[in-house]
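Have a look at the structure below, then the notes.
Note that these values count all heavy atoms, side chains included, but never hydrogens, waters or copies made by symmetry. Both counts, for ligands and for their atoms, begin at 1 and track the order of listing.
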Amino acid sequence: MSNPFFQPPSGTDLPRYAGVPSFMRLPYLKPDDPRRADVDIGFFGMPWDGATSNRPGARHGPRGLRDASTMIREMNRATGQTPFKTANCADLGDVAMSPVDQDEALAAAEGFVSAMLAQNIRPFMAGGDHLCTLTVLRALRKLRGEPFGMVLLDSHTDLYPPYFGGKTLTHGNPFRQAITEGCLDPARCVMAGMRGTSYNNEDFQFGYDHGVRIMAIEECMELGWRTVMAIAREVVGKGPAYVSFDIDFLDPAYAPGTGTPEVGGPNSFEAIQCVRALRGLDIIGADLVEVSPPFDPSGNTEWLGASIMFELLCAMQP
Ligand code: MN
Ligand code: MN
């Protein structure tokens, strides 16, 4: 399958820095474009950081990632894959999310994803803060009718209780909510890279109580990433699984442009190796979240995020 319409223009015909930016220079299709029917994997942005607990700015993530992603070329030389030739990929634009009304924003996001799923498009979301992921999980759960597994690469579990004593959803608790709502099968969920200071241990405890395999950074570094990912594959198994990648999984030396950085994490190459190890899983959707361009003056975090997106796109294909 190699549809010429869905190929990015060659950088040898049109320089990669030229033109109107879209994710990986793919065609941009509006919601009513009939060619959406032919899309296999759809990139889209959730420009929203209304659930951020500390440094904001992830609302600018999709635009920054789009721009940086124009540097991506067609071939993954390490894996031998040409992912735009083996799947029809497109940029489906951004969800219109209210910056001031959380309920409205989350409902719009879930509706956007549901419309994609109805067209049999595999979702690839660029955040936005990590609460955006909950809307993708909810839409997938409604479509599939049963919970699924997940691989989370993040420096946090995002299993925290609500802050400030309220019922608030934040970017610190999308997966607690997703497990509570029955979107995720916790026994088929694995989380790796956790580190940093914490308010308490309630997030880990929630994970342990529900059977989530949490691999804190000490375990990851002791075992090595190859073993970590072998364990991740074992936990997730052959069934359908979602992959969520929080850019703060990386050490802030490599990815400073994010809301809640935690020191002592993997480097860029190790993170890429982790993503490559996911190939062959039944990946039903993926995201790259928490890139905050205002905290990324060098642009390195955006570029790293775009590069991880490309590796994830490859991991989603045979
Ligand atoms: Mn997160
Ligand atoms: Mn995080």
Taking all atoms of both residues into account, what is the closest heavy-atom pair of [X] and [Y], and its distance?
X      : Y      : answer
Pro266 : Arg195 : CD-NH1, 3.9 Å
Val235 : Cys189 : CG1-O, 3.7 Å
Met191 : Met150 : CE-CE, 4.1 Å

* the Mn ion (ligand 1) - number of protein N/O/S atoms closer than 2.8 Å -> 4
* Is the Trp48-Phe112 ring centre distance short of 6.0 angstrom? -> no
* Where the side chain of Ser22 meets the backbone of Leu26, is there a donor-acceptor pair that is under 3.5 Å apart? -> yes
* To do: Provide the full list of side-chain hydrogen bond (donor to acceptor under 3.5 Å, both in side chains) pairs with a residue in residues 63-75, sequence neighbours left out, each pair given once.
  => Arg66-Asp91, Arg66-Asp94
